Amino acid sequence: MELPSFPLTVTEPGRADAVLAAALDGLTRSSAQRWLEEGRVTLGGRPLKKNAKLQPGDEVLITPPQPVSVDLVPQDIPLDVAYEDGDVIVVNKPVGMVVHPAPGHPDGTLVNALLYHCKNSLSGINGELRPGIVHRIDRDTSGLLIAAKNDSAHLSLAAQLQDHSLFRLYHGVAVGTFREDTGTVSAPIGRHKTDRKRMAVTPDGREAVTHWRVVDARNGHTHLTCRLETGRTHQIRVHMAYLGHPLLGDTVYGAKKPVPGLAGQCLHAAQLTFTHPSTGERVTVEAPLPDWFTAVLKHYTLQ
């Protein structure tokens with residue numbers, strides 16, 4: 001039995017496969033191409049080709065394939081719930097927690113915890129492995145992540161991600177000091193040409209925009225905030241490295257050796273603002289800097 005079809009209104013022009021991959025978190029471009037080749041995406045009742053050009057305002061109908069059966073079980077894992085109602089739940093994710101099951105992480109994920117906490121109230125649009133998941137943050141990044149409890153809420157939040165009205169603010173510590181107090185990085189991000197596990201700024205990548213602001217800078221390190229306009233994989237980490245200021249502790253895009261006291265990159269999702277799917281009101285949720293982050297600031301005398 002296949003998942004129900006759902007509409008998607010295009011907000012940015014582009015190839016059909018790229019538009020789908022950008023709009024649906026967790027859907028790779030190759031998977032989007034497969035859906036298109038299988039006739040699962042139509043415009044005006046006609047199947048789209050993967051290289052079809054879509055324009056803002058086009059409404060496509062998507063019929064996802066049946067998800068592969070997996071043994072995804074609810075697990076009683078403590079959650080730091082920052083906001084919750086009948087449509088959405090916002091969780092303050094700790095460092096080290098993987099968002100959804102993947103090779104090497106079959107359980108113990110945020111999804112397993114959400115399944116236990118929310119029972120059967122999670123959206124199904126992203127398939128069986130990612131119920132409720134609208135966007136992700138890296139395993140070693142802490143902070144706020146929003147999940148949908150029904151498909152209607154999921155579509156609303158996905159649309160907000162696509163039109164950049166879902167506001168996300170991060171705190172980070174970068175290596176080095178910046179010449180300016182504020183700035184914007186607008187540089188496309190795609191897969192690294194030789195290391196497919198990494199991302200990189202590349203001419204044929206997808207649009208990526210990060211706005212940054214210096215909070216404090218001392219002893220060769222900078223405490224800064226980053227606001228995401230887009231949400232590409234590893235976006236802040238890649239953009240800061242692109243500027244020559246990788247995040248402290250980021251062994252993928254910066255230092256070769258781990259930093260004592262850090263599990264990975266020094267990055268925390270501190271604020272999230274969205275339009276509520278049912279009421280239409282703007283909702284802002286905040287997560288204070290965790291103890292490990294403030295300890296880093298004290299060690300580098302940044303506060």
Side-chain angles (χ1 to χ4, degrees), residues 1-72 99-106 111 122-136 148 150-164 188-208 230-235 238:
M1 180 179 178
E2 292 185 339
L3 294 172
S5 301
F6 62 91
L8 174 69
T9 301
V10 177
T11 60
E12 297 180 1
R15 278 175 48 124
D17 54 354
V19 169
L20 286 181
L24 301 177
D25 185 75
L27 185 69
T28 63
R29 191 157 178 174
S30 60
S31 295
Q33 291 174 352
R34 185 172 65 252
W35 287 16
L36 287 156
E37 290 168 354
E38 294 174 352
R40 297 185 177 278
V41 185
T42 61
L43 176 64
R46 295 182 178 182
L48 283 173
K49 294 183 179 180
K50 62 184 180 182
N51 61 350
K53 301 296 184 182
L54 293 175
Q55 300 298 326
D58 286 344
E59 186 172 281
V60 299
L61 187 66
I62 302 171
T63 305
Q66 180 179 2
V68 177
S69 179
V70 294
D71 186 19
L72 186 58
V99 172
H100 58 75
H105 300 282
V111 162
L122 287 172
S123 66
I125 287 175
N126 260 352
E128 191 172 340
L129 281 175
R130 302 180 180 92
I133 299 302
V134 181
H135 68 113
R136 294 168 291 173
N150 54 67
D151 288 354
S152 176
H154 192 125
L155 290 173
S156 172
L157 295 171
Q160 292 175 51
L161 280 171
Q162 193 177 18
D163 67 17
H164 314 315
I189 291 177
R191 287 288 170 189
H192 194 280
K193 297 302 182 183
T194 58
D195 185 351
R196 304 302 290 175
K197 293 182 180 180
R198 298 177 61 199
M199 308 300 289
V201 169
T202 175
D204 58 353
R206 291 156 63 185
E207 178 193 22
T230 54
R232 308 307 175 208
T233 301
H234 299 173
Q235 179 171 316
V238 172

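On a predicted model such as this, the values are computed, not experimentally measured, just so you know. Keep in mind that the numbers below use all heavy atoms, side chains included, and drop hydrogens, waters and symmetry copies. Sequence positions, counted from 1, serve as the residue numbers for this chain.
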Residues which pass side chain to side chain donor-acceptor pair (under 3.5 Å) with [X], listed by chain and number, not counting sequence neighbours:
X: N51; value: none
X: T233; value: none
X: E207; value: none
X: Q235; value: T210, T230

Looking only at heavy atoms, which two atoms of [X] and [Y] are closest? And how far apart?
X: A52; Y: L48; result: CB-CD2, 3.9 Å
X: T202; Y: I189; result: CG2-C, 4.2 Å
X: A32; Y: A21; result: CB-N, 4.3 Å
X: P47; Y: G39; result: CB-CA, 4.2 Å
X: M199; Y: V238; result: CB-CG2, 3.8 Å

Under a 4.5 Å cut-off applied to non-hydrogen side-chain atoms, are [X] and [Y] in contact?
X: V60; Y: V19; result: no
X: L8; Y: V41; result: no
X: P13; Y: P56; result: yes

Measure the spacing between [atom1] of [X] and [atom2] of [Y] and express it to the nearest 0.5 Å.
X: L36; Y: I62; atom1: CG; atom2: CD1; result: 8.5 Å
X: R206; Y: R191; atom1: CZ; atom2: CZ; result: 10.0 Å
X: H192; Y: T194; atom1: NE2; atom2: OG1; result: 4.0 Å
X: H135; Y: L157; atom1: NE2; atom2: CG; result: 8.0 Å
X: L155; Y: F6; atom1: CG; atom2: CZ; result: 6.0 Å

Salt bridge (Lys or Arg N to Asp or Glu O under 4.0 Å): pairs with one or both residues in residues 44-58, sequence neighbours excluded: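 Found E37-K50.
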
Residue pairs fulfilling salt bridge (Lys or Arg N to Asp or Glu O under 4.0 Å) with at least one residue in residues 11-24, sequence neighbours excluded: R15-D17, D17-R29

